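For the numbers below, each heavy atom of this structure counts, side chains included, while hydrogens, waters and symmetry mates do not. None of the values given here were measured: they were computed from a predicted structure.
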Amino acid sequence: MAAVLNLTEPCSTGIGGDCFCLYYDAATKQVRGLNGSGRSASTLTMDRVRQAGIDGDKLPWQHAFTVTVPGAAAGWVDTIEKFGRLELKQVLQPAIEMALEGVPIHHVAAHSWKKQAAMLADASNPHGQSMLLDGKAPDEGQIMVMPELAATFEALAEHGKEGFYQGRVAEAIVDCVAQHGGCLSLEDLAAHVTTFDEPIAVTYDDVKLWEIPPNGQGLTALMALNIVKHLPLAGLEHNSTQYLHYVIEAVRLAFADTTWYIADPNVEHVPVEELLSEEYAKSRAALISADKALDGPARGSPFSSSDTVYFTVTDNDGNACSFINSNYMGFGTGLVPEGCGFTLQNRGANFMLQEGHPNCLGPNKRPYHTIIPAMVTNTADNSLYCSFGVMGGFMQPQGHIQVLLNMVQFGMNPQEALDAPRFCVGPGHEGAAGGVALEHGISEDVVKALATLGHDVSVLEGYNRAQFGRGQVIRQTMQAASDGNQRRVGASMHILRFIAIWLLSVGVECRVRSSWGWNCNWLLGYDRVE
């Protein structure tokens, strides 16, 4: 599925980006994590950046220095080998065929593609033309044929990781980065490895929320949820002034900490245990006033005095996969290696150019990462409650707690939980500080009341609602059947053909419903209505 999303929505994701995965093993009732993020070039240093004339605290978003090793290809291979049942060739073959035959473009993807088409059409990026249609972004419904991307998928299918991290594709990546002032090397690509990380979690009510540990920002969602536990939400109406005020403040406090502490744990110590302690959550919750917004919350000390795509699937055995893949900002850098048909991510834009900062740019280092899958289990028996995710830069942990609270605190079903209007602290991809965007649908009275409390609020409508992210949820329940046996049940969902491609990787049988649709009656899945 991740491969097909590279065809249908390359303005959000692709093999030139990174991925993360949480996997729920129904047999053992354990959640396992995969970190498919890449590292910076081995020769990328602060001195090199300053000598290139780059000042300030951040790299320019489209500079080739922001290209970290694309981790998605290895992540796909390792996910299939570790958690799947089919061979890599079988999983990628539908994507290869679709790239050669062409796919129609959805109106949301067409809108985003058009906004970013200039970087693909730029004369300094000649191979960007392979991702345009007659030199322009495709319109809604137009068919995109991408033979160069098909060739990249074929190399991965035939040779595994070596087909991407060595040989033709690797050489094209290195040449492209070098031509635009970057320093990624063949050795950097060949040295890349996926890591299998122990997920981290906190409990809320009768469920446990699981996230990938740093360098991912799942820690932000867990910290915010921990703070929320110590706030008086009981009895508050959904999206009321007081409810939104409390949750917004919890999110702001969590980000104040994590934008400093989250870094590559193999390079810097990240105090996860301390940040997730109940004592620290209580101390942060105590900073929140019921009638006034915090004025630029600062990070605390947890120590004592001494554009992204997401999908989720389950199978007949109750296993679940929560998977996210991204270029970071739209097409990422927009740089397209010769003959490859994909853009290179700009994940390195999240590094800080600040000596002493845990997330300071450095060689062979993973940056603060925004993309995070989520999984929720029941505390009583460790059974699966739901597998879900929300897309959209720094919106993602905010979306996680809002959707989860919608289900757990307010009893919404997954569709209601996804469709409910959201808030977003900060501008989305550019960070998590500043004003609060509110989605159209939150009442005008609440908007005015939040402003009175001191929140800098704005209301977003139309395509601007993309800042709040899309999302998917699979929630499963066990129900008694007429024969007295317990069965895993859920509503069926009409889903696009590309979802079925991932299902094949875990051995799920699907049947055709229409020319571009599949019906899987066992699947309880929900996609946000836009």
Side-chain angles (χ1 to χ4, degrees), residues 22 24 201-211 218 220-222 224-225 228-229 231 233-240 242-244 246-248 250-251 308-314 320-324 372-379 383-392 395-425 437-443 446 460 465-479 488-495 499 523-530:
L22 284 173
Y24 177 79
V202 300
T203 57
Y204 183 87
D205 199 17
D206 294 327
V207 300
K208 181 177 284 190
L209 174 62
W210 296 87
E211 301 276 357
T220 308
L222 298 182
L225 194 62
V228 164
K229 284 194 297 188
L231 298 173
L233 297 190
L236 297 180
E237 293 184 11
H238 179 258
N239 277 359
S240 63
Q242 205 61 49
Y243 171 75
L244 288 174
Y246 281 139
V247 181
I248 287 168
V251 166
T308 300
V309 297
Y310 169 84
F311 61 89
T312 180
V313 296
T314 62
C321 180
S322 182
F323 196 98
I324 197 159
I372 48 173
M375 193 78 72
V376 184
T377 56
N378 294 296
T379 55
S383 61
L384 179 67
Y385 176 81
C386 75
S387 176
F388 81 109
V390 173
M391 310 158 223
M395 175 63 200
Q396 292 176 56
Q398 306 181 58
H400 282 194
I401 67 165
Q402 290 178 73
V403 171
L404 181 61
L405 288 173
N406 287 348
M407 292 188 288
V408 176
Q409 189 78 22
F410 297 101
M412 295 184 187
N413 68 41
Q415 190 68 67
E416 293 169 330
L418 285 170
D419 287 344
R422 304 173 188 160
F423 70 81
C424 178
V425 175
L438 302 174
E439 188 169 10
H440 177 71
I442 293 175
S443 78
V446 169
L460 301 185
R465 294 169 59 230
Q467 181 170 325
F468 304 104
R470 290 168 287 172
Q472 291 187 9
V473 178
I474 295 176
R475 186 161 140 198
Q476 77 174 22
T477 58
M478 300 298 291
Q479 299 288 344
R488 187 177 294 109
V489 299
S492 66
M493 170 191 174
H494 180 74
I495 52 179
I499 291 183
L523 176 64
L524 173 55
Y526 299 82
D527 199 358
R528 190 175 200 209
V529 176
E530 296 286 3

> Can you name the residues that form a side-chain hydrogen bond (donor to acceptor under 3.5 Å, both in side chains) with Ser443, not counting sequence neighbours?
Replying inline: none
>> Checking His238 now: which residues fulfil side-chain hydrogen bond (donor to acceptor under 3.5 Å, both in side chains) with it, not counting sequence neighbours?
In response: Asn406
> Looking at residues at least two apart in the chain, or sitting in another chain, which of them share a ring-ring contact (aromatic ring centres under 6.0 Å, His included) with Tyr310?
Replying inline: none
> Is Glu439 salt-bridged to Arg422, going by a charged N under 4.0 Å from an acidic O?
Replying inline: no
>> Going by the rule side-chain hydrogen bond (donor to acceptor under 3.5 Å, both in side chains), which residues pair with Tyr204 if we only count those two or more places apart in sequence or in a different chain?
In response: Gln409
> Can you name the residues that form a side-chain hydrogen bond (donor to acceptor under 3.5 Å, both in side chains) with Gln402, not counting sequence neighbours?
Replying inline: none
> Taking only residues two or more places apart in sequence, or in another chain, which ones meet Lys208 in a salt bridge (charged side-chain N to carboxylate O under 4.0 Å, His left out)?
Replying inline: none
> How would you list, by chain and number, every residue that makes a side-chain contact (heavy atoms from CB on, under 4.5 Å) with Ala224, sequence neighbours excluded?
Replying inline: Val251, Ala254, Ile401
> Any idea which heavy atoms bring Ala250 and Leu231 closest together, and the distance?
Replying inline: CB-CD1, 4.4 Å
>> Checking Ile324 against Val309 for the side chain to side chain contact (heavy atoms under 4.5 Å, CB included) test, could you report, in this order, the C-alpha distance in whole Å, the side-chain angles of both residues, the deciding distance, and whether it holds?
In response: CA-CA 6 Å; Ile324 197 159; Val309 297; over 6 Å; no
> Could you go step by step and tell me if Leu209 and Met375 meet the side chain to side chain contact (heavy atoms under 4.5 Å, CB included) rule?
Replying inline: CA-CA 6 Å; Leu209 174 62; Met375 193 78 72; over 6 Å; no
> Do you know the tightest heavy-atom contact between Tyr385 and Arg475?
Replying inline: O-CG, 3.1 Å
>> My understanding is that only residues two or more places apart in sequence, or in another chain, count here; which of them pass side-chain contact (heavy atoms from CB on, under 4.5 Å) with Asp205?
In response: Val408
